[in-house]
> 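This is the structure I want to talk about, given as structure tokens.
Residue numbering restarts at 1 for every chain, and letters A, B, ... go by the order of the sequence lines.
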There are 2 protein chains.
Amino acid sequence: MTEPAKKYSKKEEIMWIAADIFRQNGYHNTSISDLAKACGLHNAHFYYYFKDKENLLEESLGYLTNYFDKKVFQIAFQEGLSAKEKGILMLETTKKVFLHNQGGCIMANITLETAQYNTRFIPVIQNFFNKWTEALKHIYQEKYQPQKAQEKAEQAIQDIEGGILLMRLYRNDKYFLNALQRASEVLN
Amino acid sequence: MTEPAKKYSKKEEIMWIAADIFRQNGYHNTSISDLAKACGLHNAHFYYYFKDKENLLEESLGYLTNYFDKKVFQIAFQEGLSAKEKGILMLETTKKVFLHNQGGCIMANITLETAQYNTRFIPVIQNFFNKWTEALKHIYQEKYQPQKAQEKAEQAIQDIEGGILLMRLYRNDKYFLNALQRASEVLN
DNA sequence: GTCTATATGCGGATAGAC
DNA sequence: GTCTATCCGCATATAGAC
């Protein structure tokens, strides 16, 4: 979640910054002008890269899912580490990512803000949570049967997302950190 | 969460309906016109009851917290029931309330949509979660020490709120229902 | 690829008649 | 208390010059 070093395309840089603004201010409360200011672009120039505002967010969410997959979820499938080590490493990375820049999870935010009347973002966000669940499940499977590992993974993700909610509401990390702790204790 | 029978004031009826629209469509994506249509009022008439849109939501959230407290959270403090009975009754009521009308929790939605840049709704939503936590903690205390009961209550609420998120994302109740199940198993 | 100008509509909110 | 009319600003998006 820190700014990408160069070698990234202009479009990728825009998606990166846009995702951060959307996460903090919400979809409907973020204007093209807000994004333009943050990106150092003129309003109209967004429509050169993206068809419209929805498409911009949609592509940003996909880009971010890719980032999470490479930087976080893939840890679960690394060779040469024990389940406990992979769990701790992945949850430690999860912690850094969700605490970045005042914290929060754009996937959860967008889901709760729009899911009821707009299905456009649903598939890409489902893809994010599918990958996350698969990763945790894979780790938990070294200790539990597949069905049980799946349940534990879902429970951990729910606990973490609920923790992020309370963290933002009470401006206190503990709820989120406790959830991470519990997710790693599953492997004890 | 079903419509209130009459004997409620016009203002209460408005808050009730408005909360439902806000929950489904989000704060910024709900216009005064949307609310007016749903309430059978003219746009301008809202400003007779409420100072502005923010005040309308703020009062609605307070009204709803009151409703939850009376109908759900107070179950924890009823006389003549065992902890297990109170837990099951309270969680069963929780289930009905959050599954109503396509489901979702307006407190979580508004927090994630606005908490980063608008502190106005924070106190009333904190009050909601405080009351919920106190209620669950009180039930769990018949089996756990206060500190442990507090942790279990927070964990249950996080699990439930994360479950509501996944329920809405995947259009599948199971995540939410599993969380309720786990919250009641704490008492086994 | 980048910028200026602008179309067009809807948002929240108010004034004031009845 | 209720309704009509309306102000004003900002939103998304496009046209088109350079």
> Less than 4.0 angstrom between a side-chain N/O of Tyr48(B) and OP1 or OP2 of dA13(C), yes or no?
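Looking at the OP1 and OP2 atoms of dA13(C), neither is under 4.0 Å from any side-chain N or O of Tyr48(B).
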
> Under 4.0 Å: is that the gap between some side-chain N or O of His42(A) and OP1 or OP2 of dT4(C)?
yes

> Testing Lys86(B), Lys148(B), Lys84(B) for salt bridge (Lys or Arg N to Asp or Glu O under 4.0 Å) with Glu142(B), which one passes?
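One option only clears the test, and that one is Lys86(B).
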
> Whole angstroms only, please: what is the NE2-C1' distance between His28(B) and dC10(D)?
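So the NE2-C1' distance, His28(B) to dC10(D), works out to 14 Å.
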
> Would you kindly check if the NZ (Lys) or CZ (Arg) of Lys53(A) is within the cone defined by 45 degrees around the ring axis of Tyr27(A) and under 6.0 Å from the six-membered ring centre?
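Yes; both conditions hold, so Lys53(A) lies above the ring face of Tyr27(A).
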
> How many Å lie between CD1 on Ile32(B) and P on dC7(D), as a whole number?
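Rounded to the whole Å, the gap is 20 Å.
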
> Applying the 4.5 Å side-chain criterion to the ILVMFWY set and letting contacts propagate, would Ile88(A) and Ile160(A) be lumped into a single cluster?
no

> How close or far is atom P of dC10(C) from atom CG of Asn29(A), stated in whole angstroms?
20 Å

> Salt bridge check, Glu154(A) against Lys137(A): does any charged N sit closer than 4.0 Å to a carboxylate O?
no

> Ignoring the backbone of His45(B), work out which of dT2(D), dT12(D), dC3(D) is nearest its side chain.
dT2(D)

> Using a 4.0 Å heavy-atom cut-off, does Asn43(B) contact any base of the nucleic acid, only the sugar-phosphate backbone, or nothing at all?
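No contact.
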
> Between atom CZ in Phe50(A) and atom P in dG1(C), what is the gap in whole Å?
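One finds 13 Å between P of dG1(C) and CZ of Phe50(A), rounded.
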
> One pair to check against side-chain contact (heavy atoms from CB on, under 4.5 Å): Val186(A) and Arg182(A). What are the steps and the verdict?
CA-CA 7 Å; Val186(A) 170; Arg182(A) 289 188 286 260; over 6 Å; no

> Check every atom of dG12(C), dT12(D), dA13(D) against the side chain of Lys53(B) and return the nucleotide holding the closest atom.
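From the listed options, dG12(C) comes nearest.
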
> With DNA chain D as reference, determine whether Asp34(A) or Ala44(A) sits nearer its 5' end, using the nearest nucleotide of each.
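Taking each residue's closest nucleotide, the earlier one in sequence belongs to Asp34(A).
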
> Round to a whole Å and report the spacing from CZ of Phe46(A) to C1' of dG1(C).
15 Å

> With heavy atoms under 4.0 Å as the rule, sort Tyr49(A) into base, sugar-phosphate or nothing.
sugar-phosphate

> Rounded to the nearest angstrom, tell me the gap between atom CG in Asn55(A) and atom P in dT14(D).
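Answer to the nearest Å: 12 Å.
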
> When you measure from the side-chain N and O atoms of Tyr47(A) to the phosphate of dA13(D), is any distance below 4.0 Å, counting only OP1 and OP2?
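For Tyr47(A), the contact criterion (side-chain N or O under 4.0 Å from OP1 or OP2 of dA13(D)) is met.
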
> Does a side-chain N or O of Tyr27(B) approach OP1 or OP2 of dG11(C) to a distance below 4.0 Å, or not?
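Result: no.
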
